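Keep in mind that this is a model prediction, so the values were computed, not measured.
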Amino acid sequence: MNYLVIIIAAILVNNIVLMQFLGVCPFLGVSKKLSTAIGMTGAVAFVMVLATIVTYLIQKFVLDKLGLAYLQTIAFILVIASLVQLVEIILKKVSPAMYQALGIFLPLITTNCAILGVAILTIQKEFNLLEGVIYAIANAIGFGLALILFAGIREHLDLQNVPKGLKGIPIALIAAGILAMAFMGFSGIV
Amino acid sequence: MSQWKNFSKGFIKENPVFVLLLGMCPTLGVTSSAINGLGMGLATTFVLVMSNIVVSLVKDFIPDKVRIPSFIVIIAAFVTVVQLAMQAYLPSLYKSLGLFIPLIVVNCIVLGRAEAFASKNNLISSAIDGLGIGLGFSFALVLLGGIREILGSGKIFDITLYSENYVTLLFVLSPGAFIVLGYLIAIINRIKKD
């Protein structure tokens with residue numbers, strides 16, 4: 001039951017992009033086409049779950065043990081940056097097909113605040129490892145849901161006759177606002 | 001003169017938020033009021049100036065291959081300084097900015113300036129560049145936060161403008177952030193063209 005609450009809260013109620021504003025850069029950057037949105041979602045999901053596990057272990061077994069909690073920010077960003085590199089190298093060797101699909105998105109992920117944000121939130125919310133993993137998966141799904149919905153909307157927006165000043169990013173932001181309004185309807189579920 | 005240009009470009013011409021569309025997460029996340037926007041803007045400005053200074057000082061000693069990771073460590077160090085200082089001296093602001101303080105590390109503006117400017121220029125121009133871009137970022141955040149505060153709760157910097165009871169929750173919550181920023185960018189685009 002507890003896990004179900006975490007999942008629904010992360011996907012719908014506190015959607016990571018639309019409600020918490022984490023990962024807005026890729027949300028605006030790669031949402032022009034549905035196929036790139038799906039690729040980005042895959043890469044983010046993969047790294048987010050891995051990063052949450054690794055940073056959790058580092059926090060519990062290194063930083064807390066040695067009383068170095070104030071180094072959290074530095075330690076986490078270094079872990080995430082090297083993890084992304086590692087994933088890139090391993091994927092290239094093990095699964096070239098997957099590397100083809102996700103490869104170009106991986107370097108962008110280091111500076112994706114959703115990854116670092118979820119890693120820090122997992123610690124702040126005092127989840128255990130299993131809850132943390134579920135939280136990361138749910139947030140990845142939430143990210144994907146928002147990104148893919150938004151990509152669909154933007155593909156349609158391209159065909160519309162938008163006023164000149166609003167073309168491009170402004171109308172995309174307003175559409176994102178309306179999408180966020182739709183997600184507000186879920187508040188109060190949990 | 002050229003230093004003045006270097007400083008002032010961040011406000012309109014190369015404004016990180018309105019024109020370059022960088023650092024969107026804190027821009028949208030913390031601007032529910034003007035004062036939050038100002039706090040975030042100044043914190044980011046501090047990190048920008050300090051990391052630009054350090055990067056421009058050590059640029060000759062860092063091998064090209066490990067450039068980006070080294071920059072990230074430098075930035076993360078200053079973010080930790082801001083985090084601890086704010087926690088100690090401005091606990092209420094720290095609480096309302098929350099997660100977005102550690103997330104200054106992954107703000108593309110900071111790394112972007114270190115890579116694009118400070119790693120190629122000397123100390124003085126790097127510091128001025130950081131200050132200009134940082135204040136431009138703060139300006140954008142205060143503008144966005146101010147508009148959302150006026151529309152959402154009828155206040156500006158916590159001074160009540162029309163009625164105590166006035167609340168339009170939409171502008172305080174997340175949809176308002178997207179919509180106000182969308183229209184602001186449209187207006188800035190229009191101004192730039194003329």
Below 4.5 Å from any heavy atom of chain A, which atoms of B:Leu170 appear? Answer side chain, backbone, both or neither.
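Side chain of B:Leu170 only, per the 4.5 Å heavy-atom cut-off to chain A.
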Give, as side chain, backbone, both or neither, the part of B:Leu111 having an atom under 4.5 angstrom from any heavy atom of chain A.
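The answer is the side chain of B:Leu111.
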Is the [atom1] atom of [X] crowded by more than 12 outside heavy atoms at less than 6.0 Å?
| X | atom1 | answer |
| --- | --- | --- |
| A:Lys92 | NZ | no |
| A:Lys60 | NZ | yes |
| A:Leu129 | CG | yes |
| A:Glu126 | CD | no |

As an exercise: rank B:Ala186, B:Ala177, B:Gly29, B:Cys25 by heavy-atom pairs under 4.5 Å with chain A and give me the winner.
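Counting heavy-atom pairs under 4.5 Å, the top option is B:Cys25.
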Among B:Ile185, B:Leu28, B:Ile179, residue most engaged with chain A (heavy-atom pairs, under 4.5 Å):
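Looking at each of B:Ile185, B:Leu28, B:Ile179 in turn, B:Leu28 comes out on top.
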With a 4.5 Å limit on heavy-atom distance, are the side chains of B:Pro102 and A:Gln72 in contact?
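The answer is no; the side chains never approach within 4.5 Å.
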Taking C-beta and beyond as the side chain, do A:Leu166 and B:Tyr183 meet within less than 4.5 Å on heavy atoms?
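SC-SC contact between A:Leu166 and B:Tyr183 confirmed.
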If you compare all heavy atoms of A:Cys25 against all heavy atoms of B:Met24, which two are closest, and at what distance to 0.1 Å?
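In terms of heavy atoms, the two residues are closest at SG-N, 4.1 Å.
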Most contacts with chain B, counted as non-hydrogen pairs under 4.5 angstrom, among [options]:
| options | result |
| --- | --- |
| A:Val17, A:Leu18, A:Ile171, A:Leu78 | A:Leu18 |
| A:Ala172, A:Ala114, A:Gly117, A:Pro163 | A:Gly117 |
| A:Pro170, A:Gly165, A:Ala81, A:Ala176 | A:Pro170 |

Residues from residues 129-152 of chain B approaching chain A under 4.5 Å (heavy atoms)
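If one takes a 4.5 Å heavy-atom cut-off, no residue of residues 129-152 of chain B lies near chain A.
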With a 4.5 Å heavy-atom cut-off (strictly below), which parts of residues 49-77 of chain B touch chain A? List them by number.
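Near chain A, by residue number: B:Ile72, B:Val73, B:Ala76, B:Ala77.
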Using the rule that Ile, Leu, Val, Met, Phe, Trp and Tyr join whenever any side-chain heavy atoms are under 4.5 Å apart, tell me whether [X] and [Y] fall into a single cluster.
| X | Y | value |
| --- | --- | --- |
| B:Leu22 | B:Phe117 | no |
| B:Val172 | A:Ile174 | no |
| A:Leu157 | A:Leu159 | no |
| A:Ile89 | A:Val79 | no |

For [X], which atoms come within 4.5 Å of any heavy atom of chain B: side chain, backbone, both, or neither?
| X | value |
| --- | --- |
| A:Gln85 | neither |
| A:Ile169 | side chain |
| A:Leu28 | side chain |

Please set out all donor-acceptor pairs under 3.5 angstrom arising from side-chain atoms of residues 89-100 of chain B, sequence neighbours excluded.
residue	atom	partner	partner atom	Å
B:Ser96	OG	B:Asn36	OD1	3.3
B:Ser96	OG	B:Ser92	O	3.4
B:Ser96	OG	B:Leu93	O	3.1

Supply the atom-to-atom distance A:Lys167 NZ to B:Asn189 CG, rounded to the nearest 0.5 angstrom.
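Reported value, rounded in 0.5 Å steps: 12.5 Å.
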Kindly compute the distance separating CG (B:Leu103) from CD1 (A:Ile120), expressed to the nearest 0.5 Å.
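Those atoms lie 5.5 Å apart.
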Pick out which of A:Ile77, A:Ile74, A:Ile80 makes a side chain to side chain contact (heavy atoms under 4.5 Å, CB included) with B:Val105.
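Among A:Ile77, A:Ile74, A:Ile80, the one meeting side chain to side chain contact (heavy atoms under 4.5 Å, CB included) with B:Val105 is A:Ile77.
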Co-members of A:Ile90 in a cluster of I, L, V, M, F, W and Y side chains, linked at under 4.5 Å:
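Cluster partners of A:Ile90: A:Leu86, A:Val94.
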